[in-house]
Student: 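Got a structure for you, written out below as structure tokens; questions coming shortly.
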Amino acid sequence: MTDNNFIPQNLDYSNLKKGSFTFKTPSNIALVKYWGKEKIQIPKNSSISFTLSACFTLTTLDFEKKLKSDDNFDFEVFFEDKNHDDFKPKIKKFFERIDSYLPFLKDYKFTIKTRNSFPHSSGIASSASGMAALSLCLMQIEKELNPNISDEYFNKKASFLARLGSGSASRSIEGEVVVWGKHPAIDHSSDVLGVKFPYPIHQNFKNYHDTILLVDKGEKQVSSTVGHDLMNNHPFAEQRFKQAYDNLNEMSIILQTGNLKDFISLVESEALTLHAMMMTSNPYFILMKPNTLKIIEKIWAFRKETNSNICFTLDAGANVHVLFPEKEKEQIHGFITNKLIEHCQNKQFICDRIGLGAKMV
Ligand code: PMV
């Protein structure tokens, strides 16, 4: 797939006056992390993620044809029913990037109404689910104009557009496991969009749990845009990209064979490597908090004691994603409530699990 595949020909929108679409779109958690990009949102290495379920964004896009076309993007943004002009610059930039792929953007006035299932400023990034939700709503307009487009094209283009809003958003369209970035071990993988993991996933990973411990809900000190940029001229960049390449190979085998011990060591190493990249960039920074480390130490001790298959991963923040198989959920829920939530801000956590992808509502 190249960018040109997504430039629609001869769309006739003279008859589509107005409408409204709503999509519920999940967040995702990377197992092999994306950190470092080039050009416009092309990843330096391929990444793979579990699509989540309980953490989602619900976005309604109302659109109405302008009386007279002009050269401006015309839109309003409401977050949790309140006008949110702070989101406008990011969305305007997104519209500029996708304009040539959705040539009707300047012909309509849009109202974007969005909300998240997770608490605002919980440290859970809403850019992946948010950008994916908006892309799906826009694709539904294209589908209205051209009902013949296939579901496959619809999802691919939605992922392609979402990627231009936020890289990891390309992995929030489909479930249960998605790969973004071209890799020889994954058929049809691509740098410009996320694809559903194309091989059978072992039963051990069915219903896999991700309990998100909200350690620090403050604003991120360093945005992921700045973090990605710091991988340019990073002293360990080339080794890191090579390691991610090898890890994706290995993760593909693990997901098919169900080897949980290998899963644990790969996922935890990826999480710590992501943070090691942050700590060794110039300027350097640390996103983990003391409570992040306390939780990690307790997970390691519990695993040693019980031989459980619990493990953790981290995003670009202090929160800890606790991953574990369905079979062990009672024992691990007990451990989380008795031992880990004391390290969360206001004892807050979210019980999530692997999910099936976005849905129109
Ligand atoms: O999509 P971005 O630009 O917010 O980058 C996300 C990067 C990580 O969440 C740290 C890793 C990943 O692959 O999701």
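All values reported here derive from a predicted model rather than from experimental measurement. Counting starts at 1 for both ligands and their atoms, following the listed order.
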Student: Below 4.0 angstrom from a heavy atom of Gly167, which ligand 1 atoms are there? Numbered from 1 as shown, please.
Tutor: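 Matching atoms, with element in brackets: 1 (O).
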
Student: Ignoring hydrogens and angles, state whether a donor on the side chain of Ser14 or Asp12 is under 3.5 Å from an acceptor on the partner side chain.
Tutor: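 Judged by distance alone, the side chains do pair up.
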
Student: At less than 4.0 angstrom from any non-hydrogen atom of His228, what atoms of ligand 1 do you find?
Tutor: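 Those qualifying, in numeric order: 2 (P), 3 (O), 5 (O).
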
Student: Compute both the distance and the angle, then confirm whether Lys24 meets the cation-pi test with Phe56: under 6.0 Å from the six-membered ring centre, within 45 degrees of the axis.
Tutor: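 Yes, Lys24 and Phe56 form such a contact.
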
Student: Can you list the ligand 1 atoms lying under 4.0 Å from a non-hydrogen atom of Ala30?
Tutor: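 With Ala30 as reference, the close atoms of ligand 1 come out as 12 (C), 13 (O), 14 (O).
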
Student: Using a strict cut-off of less than 4.0 Å between a Lys/Arg side-chain nitrogen and an Asp/Glu carboxylate oxygen, indicate whether Glu326 and Arg353 qualify as a salt bridge.
Tutor: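 Yes, Glu326 and Arg353 are salt-bridged.
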
Student: Will you find, in the side chains of Asn28 and Thr51, an N or O donor that is under 3.5 Å from an N or O acceptor?
Tutor: no

Student: Do you see a donor-acceptor pair shorter than 3.5 Å between the side chains of Asn45 and Lys242?
Tutor: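 No, Lys242 and Asn45 have no side-chain donor paired with an acceptor closer than 3.5 Å.
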
Student: Considering only the protein, which heavy-atom contact is closest to atom 14 (O) of ligand 1, and what is its distance?
Tutor: Arg171 NH2, 2.7 Å

Student: With the threshold set at under 4.0 angstrom, would you say Ser166 reaches ligand 1 through any of its heavy atoms?
Tutor: yes

Student: What residue and heavy atom of the protein are closest to atom 6 (C) of ligand 1, and at what distance?
Tutor: Ser168 OG, 3.9 Å

Student: Atom 9 (O) of ligand 1: which protein heavy atom is closest, and how many Å away?
Tutor: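 Of the protein heavy atoms, Asp315 OD1, 2.9 Å lies nearest.
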
Student: Which residue supplies the protein heavy atom nearest to atom 4 (O) of ligand 1, what is that atom called, and how far is it?
Tutor: Ser224 OG, 2.9 Å

Student: Verify whether one side chain among Lys33 and Thr313 offers a donor that lies under 3.5 Å from an acceptor in the other.
Tutor: yes

Student: Identify the closest protein heavy atom to atom 7 (C) of ligand 1: which residue and atom is it, and at what distance?
Tutor: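 Sorting protein heavy atoms by distance from atom 7 (C) of ligand 1 puts Tyr34 O, 3.4 Å first.
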
Student: Measure from NZ or CZ of Lys18 to the centre of the six-membered ring of Phe63 and say whether it is under 6.0 Å with the direction within 45° of the ring axis.
Tutor: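 That pair does not qualify as a cation-pi contact.
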
